[in-house]
Structure formats: C-alpha cells, structure tokens
Amino acid sequence: MTLFAWLSSILVAVIVLTVTAFGLWWERKLAGRMQSRLGPTIVGPIGLFQPIADLLKLVQKEPIIPQRADRALFWLAPPLTTLFALLVAALVPFGPKLAPANIDVGVPLIIALGGLALIPVWMAGWASHNKYALLGAMRAVAQSVSYGVPLVLTALVPVILAGSMNLNSIVAWQHRHHWLVVWPVFLGLPAFILFILAMLAEANRIPFDIPEAESELVAGVSTEYTGMHFGFIYLAEYVHTLVGSAVASTLFLGGWDGPFGPSVLWMVLKTCLLFSVLYWLRWSLVRLRADQLMALAWKWLVPAGLALVLLAAVWTQTPWGR
Amino acid sequence: MEATPAWRKLPYRRLELYEPEGDLMTLQLGPQHPSTHGVLRIKLHLDGERIVKAVPFPGYLHRAVEKLCEQLTYVQIAPIVDKNDYVAPMTSEQAIILAIEKLLKVEVPRRARWLRSALAELQRVASHLLWLGTMTLDLGGALGGGGSVFVYTMRERELVLDLFEGLTGSRFHYNTHTVGGNRHDVPAGWAKDMHAALDLIEKRIPEYETLTQNNRLFVERMRGIGVLEPELALELGVTGPNLRASGVDHDLRRDAPFHAYDEVATNVITAKAGDCLARTQVRVAEMKESVRLARAFIDGLPEGPLVSGKPIKLPGQFKVNSGQVYAALESARGELGTFLVAGAGTSPYRLKIRPPSYHAISALPYLLPGHTVSDTVAILGSLDPIMGEVDR
Amino acid sequence: MSGWTGLFVFLVVSVVMIGGLLAAAWMLRVKARRDSPLKRHAYECGEEPDGPAWIRFHPRYYVVALFFVLFDVEAAFFFPWAIRERALGWAGLGSIVVFTGVLLVGWAYALRKGALKWQ
Amino acid sequence: MTFTATMIVFALVGALAFVGSIFTVRSSKLVHAVLWLGVTLGMTAILFVQLGAPFLAGIQLLLYVGGVMTLMIFGVLLTKRDGDSELKTEEPSRERGALIALAVFAVLAGTIWLGRDALQRTAVPSLGTGWLGTSLLTRHLVAFEALSALLLAAMIGAIVIARRRDPDQPSEPKES
C-alpha cells in the first residue's frame, strides 16, 4: 500500500508538472495563434522546450531581497504558493485507482487547501514592503476570500447529488448516472459555470487577475521578486489553474469517466480542454475592477450558489433525483 | 449631467480636510510604469484603493524642442517637430508647416492640400488604432485580452505605416511636407494600395467593437468612469475626441477648415456621457469617418503641381523679419496649434506649440479623485496623452 | 487512513521537488560583483518611495474577511447535511432553509449598507 | 511500546504545533505571530486527522487557517500604524503568565492522568461526518438554528463597527 502511495503520488506530481510545463508552451502557442503571432518557435521543435528554457533562465537569476523587506517571509512565500497549489492535485482522482489521496472528506479539503494558497500570496505582497505589492496582496486576499464562498457552495452541489464528499465517489456517481453538466443540466451547468468563475478568481486569472494587474500594479504581488522566486509565483498560478480545471472536471465533467481507453487519459484530456478554454477567455477579455469583483461575488454569486445548493437539495427529494 | 459631487473637488484642493478611515497611502504612479503612456508621473494619495488626490508631474520627456527650433531655419523645423507626437508624426509635421506657410504667406497648391488631408486622415486612423490597442492593454494587461486587441490594432496600423513608407520612404519621421507643398508625390499604384488597406481596416473595425465597446466587461470598466464635464473641459482647453465625447460639438476640420477640409464636409462625431466609454465610442466612430474621408481625399486628388514656386534648395530662401501667426489643425488628439513669432533672419524668434495632450492630462487632477487605482489607467489611457507632445 | 498517507507522501514529493528547484536556484544563481543599495530599493516606478507601505488599512477589508468566515461557517455546516441530504428529507431541508434565511438577513443588511464594497 | 509511523508523525506535528504556539507568543512582529498561529492551527488539523476526525481537519483548514487567519491579518493591519514596530512585553506580567500557564497545564495533565483508565476503556466510536449531519439536524436542531442567529449578530456587529461615517467621507457613488 505504501509503495503504491509513493508511486501514485510521484506519478500524479509528474503528470501535473508535465502538463503545467506543456500548458505553458500551449498557452503561448495558442495565444500567439489567436493574436496572429507564432508563439515560441526557437527552442526545440515548434518551441516545445520553451518552458524548460524559461526555467533554466529563472534558476540562474540573481535573488534580490529588497532593503526593507521582511526577509524570512519574502523568501518563504513563493515556494509555499507553489506547494499549496500542488497539494490540491493529490486529492484529484486521475483514475479509479490513480488517486494519491482518496479521502472521504475530499471536497472540503480541496477547497480548504486551495484557499490556503492565498496566505503565501499575501505574505509575498506584504513582505516586499512595496506599495504595489501590498495593494496586490490586499486585493488577492479580498478576492480569494470573496470567491471562496461561491466556490464552497457550488462544490456542494455535486456533494449533495452524489451524497458523498469523496471525489472518487462523486465521479463514480457521475459514471452511474450522467455527468453533472449533462443531467440535471439546470443544476449542473450553472454550478459548473459558477465554480469555474470562482476558481478563476481563486487562481487570479483574467478577468479576475486584479492582484497582479500589471497595467495598474506593475506586477502586483510579484513586483519585487526575481529569479526562481518569481518563477514560483508564476508557476503556482499555472498549477492552480490547471488543478482547478482538474477539480472542475472531476466535480462536473465526469472526471476519469470516459467511453473507452484508459481513464487517466480522459481525465488529462478534459483538464487540458478546460484549461485551454480558460486561456481562450484570458486572451479575449479585459480584467474587472476590484470593487466590481467584490460586487459580483457578494451580490450575485453568493446568493446564486445558495440557491443552487437548495435547489439541488429539493431535486434529490423529488422522485427523479433520488 | 448631475452636479459634481463635493468630495471630488474639495479634497483635491485641501488634502488635510479629508478624513480617511485608514491611513492615506502615497503612491507614485510612474514615471517607470507600464501604463503611463510614456513617462508621466502621477502622485496618488490613496484611501484604501480610492484616490483622494492626484497630482500629475509631466516633464520627464522634455527635450526643449521649442527652444531648439529658434536656432533652426524654417525649413529645418518640420523634421524636428514631427518627433513631438510620435504616434501621429504626420499631423505634427503638418501643424508646423501650416504655421510657417501662414507666416510666410505661401500659397499651397490644391493637389498638395488634398494629399495632406488624405495623409492627415490616414494618420488619424493609425493613431486611433494605436490608442485603442493601448487602451485595452491598460484594461486587460499585456497578459490578457488587452494584448490581443493591441496586436490586432498594431497589425492594421502597420498597413497605414506601410502606405506612408511607400509614399515617403520612411515609416515614422516623414519630413514629407515642405513649405509650400509636399515633397513626395503619390507613386503609381499607391491609391490602390490605400484603398485596399482602408477596406481591410474598415472590415476589421467591427471586430474591435466586439472586443471593446460591445464587450460587457470592457463597458463595465469604462462606463461612468472619469466623467469630464463639458464646462470643465472647455475651461481646461481640452480639445479633440476628449471634448467631443463630453458633448461639445467642436472640430477644427469643420469649424476652422485647413488643408482641403473646406471642400469635403466632415461629420463631427460627438457623445454625451463624457466618460471613458464615450471617449472610446467617439474615437472608434472617428476611425470609420476618417476612413471615409481618406477615401474621398484620395479619390478626388486633383491634378496639378505639388509644390508652389521653385523647389527649395537653400534654407535662406525664406526670410521674414516681423509678424506673428497662430495656425492650428485638428490632429488625432485635438487642436494642435503653433504660435510662431518671426525673428530676424531665417529662423523664428519664438515658437510655441499648443499640444492637445497637455490640456488633456491637465484634467487628471479633476477626473481621478474618487476613483480607484484601476480606474487611473483607464482614465489616463482614455485621454490619449502622448508625452512627447506634452513635454516637447 | 490510506488516503491520508497518500496525501502525506504527496506532500513529501512536492516539498522535495520545490526544495530541489530552490537548491538549484541557489547553486546556479548569478552573484553581482558589487552590491548596490539602489538595486535593493523598493520599486516605486523609479521614484523614491514616499511614505511607508505598511500602513493602517481600511476597516472594510476586515468586514469582507469576516463575512467570508461567517459564510464559510455556514458552508461547513452544509457539508454534514449534504451527505445525509436524502435521508434527512424535507425536514432537514426546512431546517437548512431557516438557517440560510437568517444568514441572508445579514447579507441583505450588509448589501444595503454597502459594507461589502471595496474601495 | 513500539514506534509506528503514526507516532512519528504525531511527534513531529505535535512539536511543530508547540513551536508554532511558542513563536505566536514570542514573535516581535504581529504579522509573524499571526502566521505562526497559522502553523499551529494547521498542525492541529493534522492532529484531528490522527484522531479520526478528518472532516474536522478539513474544516479546521478551511475556517481557521484560511478564514480566521485572514481575519486576524486584516485585524492586525487595522490596529497598528506600522506593522513592523516592535512589541514590548511588560516584564512583571511574564512571571505571572508563566505561572498561569503552568497551572493550566497542571490541571490538564492531572485530568488526563486521572482519567487515563477511563480513556483506555472507552472505545472511541467512529461516527463519521454523516452522523454529524444527522444529529445536527435532528437532536441538536435548536442549537443549530440558534447558531445562525449568532452568525447574524456577528455580521451586523461588524457592519455597524465598520460603518463609522463622517461628513467629509466621500459619498458612495451610485451602484453600477
């Protein structure tokens, strides 16, 4: 058992990091094509090794700690952002057997771990002793906090329908019935969309990327960071988006459930598809303003999430939902 | 238009009257900031994220152009000043030539005037395209949707620059206007290329509209932000699309025609709201109008000489000892005026440029308070300032 | 318990990977020949920072965080109910609706007072 | 007594929680204190897991490490003008504090020691999250509903405190 735990953990970590690295390349390529550019072309065939080159570059850079920064927190925060973002991946089942941590309380734990990522982000911003970073940090916390509520609420919808907080059970339930976005569509689809919105906000992605809003806050939280520490913040964002896509696929798109072939491929396929759609959004939308984000979360998403939860509960009481 | 809220004007004058709930934070936005359109510094006093007071500090790009021009002959000035408005050098150059021609009382042939009008309209399209791109860049960031629009508009701006290159041999600093006419005549097939480019641009403007002013997120960011009241705009001397977006129907192309604008009627586009969205709408509509005008000017390009009198060989050919003139044209950013006092000999005694951008950014202290840091870049971007022109 | 072991193992794997990157960054880093205080200045667009960055913040931030905690408490109570939802039936649903309703009163009050606005 | 992996983890986590709590009290920077508190709370979550209450662990992470920490961070940023100023502990209170801490520890340790037989005899029922939900909504329904009133009171209190209006305060722009 323990050996299996080790192997599957390493495997999932490798899958996540590979897909992230590939995702970096894919995003730049996709964005390039969307913008009548080519994207990376030089490093490796069709620029495939670009993320590796980026990593090598970042690793070599000089680490600079600003004068008045809180040195310990400044140094510790970026690796922690990546760590928390990665940890969530452990809870996502990539196959009926391939889940490093098949835990009965998976859903609340995923939300909790995902939400934790905001603390190192805040640490990074605060420790920099830079006004832009601090504004970014405060925005990050406020945004994470506001969108945490709809995130929990929409994640409750599959929990109620499947009657379990275990992600594998939820996927199994979707396997037996339908994928949640397919049926009950009036519950699954809105919940899915709300979940994606809240997840984007938690991962600080456009249109919710106000914490790093580089046209306003220069680089927000990561303003003072150099080298690999900057890389960690960057990586955390990507991992967060990727793992968020994986969670959304698990909760709403049937996870590893597919008509044929190995389940892990289906999971990766769904995740990457969702990931690409998120990048499509990213490259076509402008960002919202901080106060608009807050208004959107508290005024619309929270009540909508509550309504969905109650609707799901009503649905399970009806003969069709039993 | 509702009355100006008291908090918008008062705290600007008296920061000590403002009672924040937290501490006030002083934030320097610029000069080295991604969204200050060159090197502008704005000192922001923030309560949380809300701006209490904003003080712009221009001057980082001051190159003493006006002083330099006093040392140059009338012929040499044009290529110097077309570096002022580096987004629309063509009109920047035309403005100075207009003033010199007015001072020297030089007649400009009709063909040159029509060609200048066509070039001015092309330049307006190119300038507005760049503006739209940077505007969305400010809103969406280089890592987001803004980057996409920016790349698209740059792609179309290239078409215009290619045309200019075909005509003058230079992509940016043309020096195509001489006193009394134009230096470069239209090459064969240029008009056809221009039509092709204009057709493409016209076809793609609706695409930008989809991405910007018809996009819910974009509208949410722009509507009601940075409302410039017409009274304030007039008082500050704001001109061009910024003024027209505030509902003031004023356009030099119609109200004080220069070039050949007295022969082809211009539709002046105005909007009521005076906010960032209105400024966007006015500029996008102006692009369409400019495409129409440019077509009209190139189609109607009369035959005849391009330069009046002899071609210039020596700088000393023009000599004026007295007199002063003010000439203005409607550049992409508004009234670009030149006040010229003749000096002894072949160079001016004093040259003063009235850049529309300078007046636009003078509205910032009034527009910014009450908005958030995010709105700063939206408001600044929507005013379309070119710092080269502001600082000169 | 096995799932938790897996999570722990994954934690170890992640820590090793991130630690490896950190170590690599430390070993391969470029070192400036001469340290310059200018380099280590806080970035404020090329200007001397004007006033402290660590200031007293607006109380609004606190209200938003408090609302998050309160709604999260609510959601935390939803979870045990959610997995027994079918068994608890309409009665359980009714209790939850009452529970939610009371909280929504606070939510509506906050919206009316504009307490959740960011500025 | 043999050392199992569980015990090693317990020792590690317990030590970290202990260190975290010590630094929470001893940190000279308030922000550091809050973050150390986060470490302690997070380690407590792992202890919950070891005690067979995984749901509580999740909630501990969600509410305490995620939520309460944020709240305290904002609280810290609200109270002091500069977060980097040193905190001073008054000297006489230190001994008194140590005494009180020792007394509390003695009481706790004594209770556990005295009740050790009872603890060993009683098999801990593994009830699970579902049981929690069922009992909340049936047996403890009144308490559960009363809790919502408590949360409501907290909300309204926070709003009232934060809404200190003064005449020069900018009037809110119209809702978009």
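Here is how names work: the chains are called A, B, and so on, in the same order as the sequence lines, proteins then strands, and each is numbered from 1.
Annotation: Phe48(D), atom CZ; neighbour count of heavy atoms from other residues, nucleotides and ligands within 6.0 Å is above 12. Few gaps surround CZ on Phe84(A); more than 12 heavy atoms of other groups in view lie less than 6.0 Å from it.
With a 4.5 Å cut-off on side-chain heavy atoms, His32(D) and Asp70(A) count as touching.
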Which is it for Trp126(A) and Leu35(D) under the side chain to side chain contact (heavy atoms under 4.5 Å, CB included) test, yes or no, and what are the steps along the way?
-> CA-CA 12 Å; Trp126(A) 185 81; Leu35(D) 292 174; over 6 Å; no

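Among all heavy-atom pairs drawn from Gly58(D) and Ala112(A), the shortest one is O-CB, 3.7 Å.
Using a 4.5 Å cut-off between heavy atoms, Ile73(D) contacts chain A through its side chain alone, with no backbone atom that close. Residue contact with chain D, scored on non-hydrogen atoms closer than 4.5 Å, involves the side chain of Ile119(A) exclusively. With a 4.5 angstrom heavy-atom cutoff, Leu73(A) touches chain D only via side-chain atoms.
Considering CG of Leu62(D) and CG of Leu113(A), their distance stands at 10.0 Å, rounded to 0.5 Å. For the atom pair CG of Leu109(A) and CG of Leu61(D), the computed distance is 6.0 Å after rounding to the nearest 0.5 Å.
The side-chain hydrogen bond (donor to acceptor under 3.5 Å, both in side chains) contacts involving residues 143-152 of chain A comprise Gln143(A)-Asn204(A), Ser146(A)-Trp298(A), where partners must be two or more places apart or lie in separate chains.
Scored by the salt bridge (Lys or Arg N to Asp or Glu O under 4.0 Å) test, Asp104(A) finds no partners at all (sequence neighbours excluded).
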